[in-house]
A.B. asks: 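This is the structure, below, for whatever I ask next.
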2 protein chains.
Amino acid sequence: MTRGSEGSVPVPGHRSITEAEKLAEAKLGGIPIRHEQMAVVANIYRAASAVRQHLENSVLRGVDLTWTAFVVLWVVWIWGESETRHVAEEAGISKGTLTGVARTLEGRGLIQRADHPSDGRLVLLSLTEEGQQLMQRVFPAFNDEEAFVTEQLSDEECRSVADGLRRVVLQVEGSGEERRQALLGGAAPAPRRSGRRRKA
Amino acid sequence: MTRGSEGSVPVPGHRSITEAEKLAEAKLGGIPIRHEQMAVVANIYRAASAVRQHLENSVLRGVDLTWTAFVVLWVVWIWGESETRHVAEEAGISKGTLTGVARTLEGRGLIQRADHPSDGRLVLLSLTEEGQQLMQRVFPAFNDEEAFVTEQLSDEECRSVADGLRRVVLQVEGSGEERRQALLGGAAPAPRRSGRRRKA
DNA sequence: TACGTACAATTTGGACCCGAACGGTAATCG
DNA sequence: CGATTACCGTTCGGGTCCAAATTGTACGTA
């Protein structure tokens, strides 16, 4: 995050970020930038990376779980036996990704899949006995690190930050699709450059 | 995010999250959970995913850039010609990942690499003319979407949330290493299970 | 000059990740 | 009741992503 020695004034904290913003403004020469909004997005992602990295390297690595694998386990653990599409959505990954992760977890004996009793299209995911024991053991340690990374925030500040982030999520999930439609103006959705090609 | 029909009381907003927390508490039976801290971490990651997804699908897809590729371009754009290790750190990715991303970007004529004048080990990254034009065109649109996703937050709230997140980042970057050391108690750092295997 | 150490970027291996395409089941319609 | 239509999980292509292994450069010291 920090560079070797950029400025000369020893202003403590946030210097790097603020300086980047100033530089960005200069780069755009006159075009106004929404600073506060930019700072929120930048720090959301920065914090997400830092937190994920810390948790992977502290508690998750020891039990040989990736962040995504843990999230999937957590979702199935909390919600109980669930349909894969729900798990994917709750975990914030695509259906295709879940298929692979679930396969890995299944191979390690942590989750199991079952056919839906009445709808042949559905697959149900649930924790095995071993998976449940794992989560009961790991989650307290995970939560301890959640407390560590937020140590500089009071409970009240935690509530405030969490609420602000929740509003961001709701905004995107609520109005994002509509916004994208408006932006692209009904034009071609510009398919992802990579991805599977049509057979013909 | 939301499920079909879980609860019976029509409490608006945040139901899913809160319910998940309650379920988690029940699962742990007695073991106390730090709710506020858990909510912060959960929502940081949720927001990061949502924001990234929205930006990829709105402005980035149209110019055929992934999130990571854009971040790398942004860093080089803002900081000017930089050494790769700094770019990787600032972008929040590993050096190895940057090598691949930089190759892709170089192939598209958006960035260029140059040898360091005095230290032959270093490689410098800078934007090409085309890369600069792209960023000058794309960033305003990007910032517009940053404003969109934070639309439900006032400027003051934006500052507050950004500051809270900054404190999380500083906490992890400042004390994370020490914390991990203490946690593992000097024991083996438990190598990543995936990735390259040791030869013998 | 030769050698070891330090540190640079790159290569490599395995898992992840998205989203279009696919094949199969369920529901709907004529 | 056959034919669409809608939906579900899986497959697959291309691209990240990390960390170990590798390669190469710089620089100290003998």
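Within every chain, numbering begins at 1; the chains are lettered A, B, ... in the order of the sequence lines, protein sequences first and strands thereafter.
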A.B. asks: Between B:Arg121 and B:Glu83, does the salt bridge (charged side-chain N to carboxylate O under 4.0 Å, His left out) criterion hold? Intermediate values first, please.
C.D. replies: CA-CA 10 Å; B:Arg121 297 170 301 178; B:Glu83 304 169 15; over 6 Å; no

A.B. asks: Taking the nucleotide of DNA chain C with the closest heavy atom to each, which residue, B:Val123 or A:Ser118, is nearer the 5' end?
C.D. replies: B:Val123

A.B. asks: Of the residues in residues 92-108 of chain A, which ones touch DNA chain D at a heavy-atom distance under 4.0 Å?
C.D. replies: A:Lys95, A:Gly96, A:Thr99, A:Arg103

A.B. asks: Would you kindly give the CZ-to-C1' distance between A:Arg113 and D:dC8, to the nearest whole Å?
C.D. replies: 13 Å

A.B. asks: May I have the step-by-step check of side chain to side chain contact (heavy atoms under 4.5 Å, CB included) for B:Phe148 and B:His54, ending in yes or no?
C.D. replies: CA-CA 10 Å; B:Phe148 166 73; B:His54 174 72; 3.4 Å; yes

A.B. asks: C:dA15 C1' sits how many Å from A:Arg61 CZ, rounded?
C.D. replies: 13 Å

A.B. asks: According to side chain to side chain contact (heavy atoms under 4.5 Å, CB included), who are the partners of A:Thr104, at least two apart in sequence or on a separate chain?
C.D. replies: none

A.B. asks: Should the ring pair B:Phe70 and B:Phe142 be called parallel, tilted or perpendicular, given that the plane angle runs from 0 to 90° and is split at 30 and 60?
C.D. replies: parallel

A.B. asks: Roughly how many Å is it from CG in A:Leu60 to P in D:dC17, rounded to a whole number?
C.D. replies: 19 Å

A.B. asks: Check nucleotides 2-7 of chain D against the protein and report each pair of N or O atoms closer than 3.5 Å, with its distance, or say if there are none.
C.D. replies:
from	atom 1	to	atom 2	distance (Å)
D:dC7	O2	A:Arg121	NH1	3.3

A.B. asks: For A:Asp64 and D:dC18, give me the distance from atom CG to atom P, rounded to whole Å.
C.D. replies: 18 Å

A.B. asks: Counting only N and O atoms by type, is there a donor-acceptor contact under 3.5 Å from the side chain of B:Thr128 to the main-chain atoms of B:Leu110?
C.D. replies: yes

A.B. asks: Tell me whether the count of non-hydrogen atoms from other residues, nucleotides or ligands lying under 6.0 Å of CG in B:Asp119 goes above 12.
C.D. replies: yes

A.B. asks: Can you hop from B:Trp74 to B:Val63 via hydrophobic side chains spaced under 4.5 Å?
C.D. replies: yes

A.B. asks: Salt bridge check: are B:Arg159 and B:Glu156 linked by an N-O gap of less than 4.0 Å?
C.D. replies: yes

A.B. asks: Between D:dT10 atom C1' and A:His116 atom NE2, what is the distance in whole Å?
C.D. replies: 18 Å

A.B. asks: Ignoring backbone atoms, test whether A:Asn57 places a side-chain nitrogen or oxygen under 4.0 Å from the OP1 or OP2 oxygen of D:dA19.
C.D. replies: yes

A.B. asks: Are B:Arg108 and B:Glu130 close enough for a salt bridge, meaning some N to O gap below 4.0 Å?
C.D. replies: no

A.B. asks: Starting at CG of B:Leu73 and ending at P of D:dT16, how long is that distance when rounded to a whole Å?
C.D. replies: 11 Å

A.B. asks: Atom CD of A:Glu83 and atom C1' of C:dT25: how far apart are they, to the nearest Å?
C.D. replies: 14 Å

A.B. asks: Please report the distance, rounded to the nearest Å, between CD1 in A:Ile111 and P in D:dG9.
C.D. replies: 13 Å

A.B. asks: Give a yes/no answer on whether the side chain of A:Arg52 brings an N or O atom under 4.0 Å of OP1 or OP2 in C:dC16.
C.D. replies: no

A.B. asks: Please check the phosphate of C:dC16 (OP1 and OP2 only) for any side-chain N or O of A:Thr68 closer than 4.0 Å.
C.D. replies: no

A.B. asks: Check the phosphate of C:dG19 against B:Gln53, side-chain N and O only, distance under 4.0 Å to OP1 or OP2. Yes or no?
C.D. replies: yes

